**Q** 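Sharing a structure below in structure tokens format, with a few things to ask.
Computed over heavy atoms, backbone and side chain alike; hydrogens, waters and symmetry mates excluded. Values in this document were obtained by computation on a predicted structure and should not be read as measured data. Note on naming: letters A, B, ... go to the chains in the order of the sequence lines (proteins, then strands), and numbering restarts at 1 for each one.
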2 protein chains.
Amino acid sequence: MLTTGKGSIPLYLQIIELLISKISKAEWLPGDIIPSEINLAKELDVSQGTVRKAITELVENNVLTRKQGLGTFVSNHNIDRALFHFFHITDNDGHKVLPDSQVLNCRRKKATKSEAHKLKLKPGDEVIKIDRVRNLSSKPTIVETIILPEVPFTRLGKEDGCDLPNMLYELYEKQFGITIHSAEEQIRAVRAQKQQAKILDIDEGSPLLMIERVALTLDRRPVELRTSYCSTTKHYYQNTLL
Amino acid sequence: MLTTGKGSIPLYLQIIELLISKISKAEWLPGDIIPSEINLAKELDVSQGTVRKAITELVENNVLTRKQGLGTFVSNHNIDRALFHFFHITDNDGHKVLPDSQVLNCRRKKATKSEAHKLKLKPGDEVIKIDRVRNLSSKPTIVETIILPEVPFTRLGKEDGCDLPNMLYELYEKQFGITIHSAEEQIRAVRAQKQQAKILDIDEGSPLLMIERVALTLDRRPVELRTSYCSTTKHYYQNTLL
DNA sequence: AAGTGGTCTAGACCACGTA
DNA sequence: ACGTGGTCTAGACCACTTG
């Protein structure tokens, strides 16, 4: 299973790959407990310290979660985490406010060149396009467009129509076994278009924060494209640089 | 020096505090090599593994830097790091471009209430205010205002007038022994004011990205306030969420 | 009491950079 | 050749959670 000897890849790195593959292949699901450090060590014929080092690194990457006295678990990317890691808008006092969402539109279309490129699809491949508006403190504040590849999201928005939940990443995980693990955002200031202005109840041409996000899985495959237009009079985008 | 026994703070955490204090007190300076893991272990009467664990955590926080075969060093927050950690503007292709800067103004004034609050000063305390414009790819793209507390920056902008270098964080470290370690940013979209528009050669009222930053030292004291207005037609703010 | 993660040790050997 | 950090081991004991 693991290779040792001079010049070979360190054991703990091999173990990391092994654990990641178990999760990527859905052999272990989010929320599942994984074997104890001691048992993994026996199984892989390494010392506990080596297994521990591998697990530590995955815990730091939010892939696994340790609970003392209980065990180690595949991370559940629940509401708290989604809000903490993937929602950076706060009110002017710096407080995070839970958004609610209202779907305006949900339909199939062919990917544009740019969309195909960003999602690593072939141009012309089918995608799902969702338009929605999000309220913060009961005021419409964000309008956004979400692009998903038809595969593997085929089932989405068919039986249940446009009745989508607020926290989509939870849906991706529970319904499609896709865990969003990281994302890249590009942020610009732009003028509100007529329709956006109408929805957000602001003047046409008002400045809006445009956030283009590509969301990635654990194995760095892009699976969601999201463009958000956010009014920043009563809110701002909060970023911490460490 | 270190306390052991039941219920006491873990050794490696005590060692982390010890190392941080050596750096905060300027006993070890940026760029300095620190004693080897083995020597530190002997000195503190713990095992190498425990020292190693402490150092590992500081390396992850960018406080120390390890070089195999050489030793462990207090991190130098040089141009590369400043650019990597604290400069998030890229051109539309996603490439980081080195900005150059031109100081417009540099003077003393009393802190506003908000400035005093953010810098943890008393209202009315003296601050230094620097206005400058930054060029990206030879085009004026960012206008920004920097607010620094008089203490300990008293010397700044006196002998050398307004002849300030491009990378201020390097100056803070070398001239004032202040290492910027982390920062909080608040980002909004706003309309360009008349004067900003003139400097950036855009229309008044054009959307600009406003970035308000509070920069913190290793011990989390706020030491710089920076408000940047950035034109985002040819550039964007890049953020990675892990 | 049993099982889990969390800390710590003492020592081995490898990989790397300098001299 | 030497000293550094990097990996790995085998085992001890502590802290926490559950039965």
**Q** Taking atom types as modelled, find out whether N135(B) and D100(B) have a side-chain donor-acceptor pair closer than 3.5 angstrom.
**A** yes
**Q** Compare side-chain N and O positions of R66(B) against OP1 and OP2 of dG6(D) and report whether any pair is under 4.0 Å apart.
**A** yes
**Q** Provide, to the nearest angstrom, the distance between the CG atom belonging to L64(B) and the C1' atom belonging to dT4(D).
**A** 15 Å
**Q** Rounded to whole angstroms, how far apart are CG on L11(A) and P on dT9(D)?
**A** 6 Å
**Q** Could you state the CG-P distance from L40(B) to dG3(D), rounded to the nearest angstrom?
**A** 17 Å
**Q** Could you state the atom-to-atom distance from CD of E37(A) to P of dC8(D) in whole Å?
**A** 15 Å
**Q** Kindly write out the residues that satisfy salt bridge (Lys or Arg N to Asp or Glu O under 4.0 Å) with E43(B), not counting sequence neighbours, or none if the list is empty.
**A**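 Partners of E43(B) by the salt bridge (Lys or Arg N to Asp or Glu O under 4.0 Å) criterion come out as none, since no residue qualifies.
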**Q** Working to the nearest 0.5 Å, report the span between CZ of R226(B) and CD1 of I130(B).
**A**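 So the gap between those two atoms works out to 8.5 Å.
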**Q** What is the distance, rounded to the nearest whole Å, between atom CG of L2(B) and atom C1' of dC8(C)?
**A** 13 Å
**Q** Is it the case that the side chains of Y237(A) and E185(A) hold a donor-acceptor pair, with the cut-off being a distance below 3.5 Å and no angle test?
**A** yes
**Q** For T145(A), give me all partners under side chain to side chain donor-acceptor pair (under 3.5 Å), at least two apart in sequence or on another chain.
**A** D131(A)
**Q** Can you check each nucleotide of nucleotides 11-19 of chain D against protein heavy atoms at under 4.0 Å and return B for base, S for sugar-phosphate only, - for none, in 5' to 3' order?
**A** ----BBSS-
**Q** Please state how far atom NZ in K42(B) lies from atom P in dC8(C), giving the value in whole angstrom units.
**A**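 Result: 21 Å.
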**Q** Over how many whole Å does the gap from I34(B) atom CD1 to dG3(D) atom C1' extend?
**A**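 It works out to 15 Å between those atoms.
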**Q** Tell me which residues in residues 50-58 of chain B lie within less than 4.0 Å of DNA chain C, going by non-hydrogen atoms.
**A**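 Close to the strand are T50(B), K53(B).
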**Q** Would R134(B) and E144(B) count as a side chain to side chain contact (heavy atoms under 4.5 Å, CB included) here? Give the steps.
**A** CA-CA 8 Å; R134(B) 311 194 84 174; E144(B) 63 189 8; 3.3 Å; yes
**Q** Compile the donor-acceptor pairs under 3.5 Å between side chains in residues 63-70 of chain A and protein atoms, sequence neighbours left out, one pair per line.
**A**
unit_1 : atom_1 : unit_2 : atom_2 : d
T65(A) : OG1    : S75(A) : OG     : 2.9
R66(A) : NH1    : E37(A) : OE2    : 3.0
R66(A) : NH2    : T56(A) : OG1    : 2.6

**Q** Report the C-alpha separation of E170(A) and I180(A) in whole Å, then their side-chain angles, then the decisive distance to 0.1 Å, and conclude whether the side chain to side chain contact (heavy atoms under 4.5 Å, CB included) test is met.
**A** CA-CA 9 Å; E170(A) 232 184 337; I180(A) 302 298; over 6 Å; no
**Q** Give the rounded distance in Å between these two atoms: CD1 of I38(B) and C1' of dT9(C).
**A**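 Going from I38(B) (CD1) to dT9(C) (C1'), I get 14 Å.
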**Q** Mind checking side chain to side chain donor-acceptor pair (under 3.5 Å) for S21(A) and listing every partner two or more places apart, or none if nothing turns up?
**A** none
**Q** What nucleotide, of dT9(C), dG5(C), dG5(D), holds the atom closest to the side chain of S36(A)?
**A** dG5(C)
